[in-house]
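Worksheet: the structure to be examined is printed underneath.
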Amino acid sequence: MRTKVAIAVMVVALLFYAALIGFKGVALLGSGSVVGVLLGLALLVVPVLGLLLVWREIDFGRKSAVLADALATEGGLPVDDLPRRPSGRVDRAAADAAFAERRSETEADPGNWRVWYRLALAYDAAGDRTRARAAARHAMDLYR
């Protein structure tokens, strides 16, 4: 519940910021100077891009949570029992071993969203966030 409230507060703050910047952009468009018009256009485009990026992240988190809940309901969510360093990060050797297991599962059944989601979790534990997100997106596509 606290997460939803925090997200709502951040979205409201971003909308307020976008509106404020948008008003400044419109004012600069009316300035008549070339620099003012260009800055005004930039001030109108940047908040829209920000809103799109925030929406994309929220949507990714929502869809990822749906997959995690479905996998947990089936009892297929891997247990997070990898050894950790004093900093709290997963031990690299253990993460690599778990990753090798998840990769072989995925190669054996590439059309299964469950193995792709578990692969995404293994990538994340190994510290490869880019591939983790790509594997999670692929799992989301297969889930649909």
Side-chain angles (χ1 to χ4, degrees), residues 1-92 94-96 98-103 105-107 109-144:
M1 181 66 179
R2 285 180 19 181
T3 304
K4 289 181 181 181
V5 171
I7 289 172
V9 168
M10 287 188 287
V11 168
V12 168
L14 182 62
L15 288 173
F16 176 75
Y17 168 77
L20 189 65
I21 295 299
F23 288 132
K24 294 290 184 183
V26 170
L28 282 170
L29 285 175
S31 71
S33 72
V34 174
V35 173
V37 170
L38 290 175
L39 283 173
L41 286 173
L43 287 178
L44 292 175
V45 169
V46 169
V48 171
L49 287 175
L51 289 170
L52 288 174
L53 289 173
V54 167
W55 170 251
R56 185 173 181 228
E57 291 303 310
I58 290 171
D59 190 48
F60 177 83
R62 186 182 52 78
K63 288 177 181 176
S64 182
V66 167
L67 293 184
D69 290 344
L71 204 54
T73 301
E74 295 175 359
L77 201 59
V79 178
D80 185 15
D81 60 354
L82 295 174
R84 300 193 179 270
R85 295 186 294 199
S87 65
R89 297 186 81 179
V90 174
D91 179 59
R92 183 68 181 206
D96 288 344
F99 171 76
E101 181 183 335
R102 298 297 177 217
R103 184 179 58 209
E105 286 178 0
T106 306
E107 289 169 351
D109 190 8
N112 188 344
W113 69 267
R114 293 162 188 84
V115 296
W116 277 98
Y117 190 74
R118 287 191 289 263
L119 180 66
L121 295 175
Y123 271 128
D124 187 57
D128 192 346
R129 302 284 190 266
T130 303
R131 288 187 179 142
R133 291 178 73 84
R137 288 193 192 283
H138 188 68
M140 290 171 198
D141 290 340
L142 291 173
Y143 184 74
R144 286 185 231 152

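R92 places a side-chain N or O within 3.5 Å of a backbone atom of A126 that can act as its donor or acceptor partner. Side chain of S64 to backbone of G61: no donor-acceptor contact under 3.5 angstrom is found. W116 places no side-chain N or O within 3.5 Å of a backbone atom of T106 that could act as its donor or acceptor partner.
Distance CH2/W113 to CE/M140: 10.5 Å, rounded to 0.5 Å. The distance from atom CG of D59 to atom CG of L52, rounded to the nearest 0.5 Å, is 12.0 Å. Atom CG in D124 sits 11.0 Å away from atom OG1 in T130 (nearest 0.5 Å).
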Fill in: Stepwise side-chain contact (heavy atoms from CB on, under 4.5 Å) check, Y17 with L14
CA-CA 5 Å; Y17 168 77; L14 182 62; 4.3 Å; yes

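Identified under the side-chain hydrogen bond (donor to acceptor under 3.5 Å, both in side chains) test for residues 69-79, with sequence neighbours left out: E74-R114. Residue pairs meeting the salt bridge (charged side-chain N to carboxylate O under 4.0 Å, His left out) criterion with at least one partner in residues 45-57, sequence neighbours excluded, are E57-R133.
Nearest heavy-atom pair across F60 and A136 is CZ-CB, 3.8 Å. The minimum heavy-atom distance linking L44 with V48 is given by the pair O-CG2, 3.4 Å. Minimum interatomic distance between P47 and I21 (heavy atoms only, all atoms of both residues): CG-CG2, 3.6 Å. Counting all heavy atoms, side chain and backbone alike, V90 lies closest to R85 at O-NE, 4.3 Å. Taking every heavy atom of both residues into account, G76 and R118 meet most closely at O-NH1, 3.0 Å. The nearest pair of heavy atoms linking A122 to R102 is CB-CG, 3.6 Å.
More than 12 heavy atoms of other shown residues, nucleotides or ligands fall within 6.0 angstrom of atom CZ in R137. Around atom CZ of R84, more than 12 heavy atoms belonging to other residues, nucleotides or ligands sit under 6.0 Å away.
Residues Y143 and V66 have side chains in contact (heavy-atom distance under 4.5 Å, counting atoms from C-beta outward). Between L29 and L43 there is no side-chain heavy-atom pair separated by less than 4.5 Å. Under the 4.5 Å side-chain criterion, counting only non-hydrogen atoms from C-beta, L51 is not in contact with W55. No side-chain heavy atom of L119 sits less than 4.5 Å from a side-chain heavy atom of V115.
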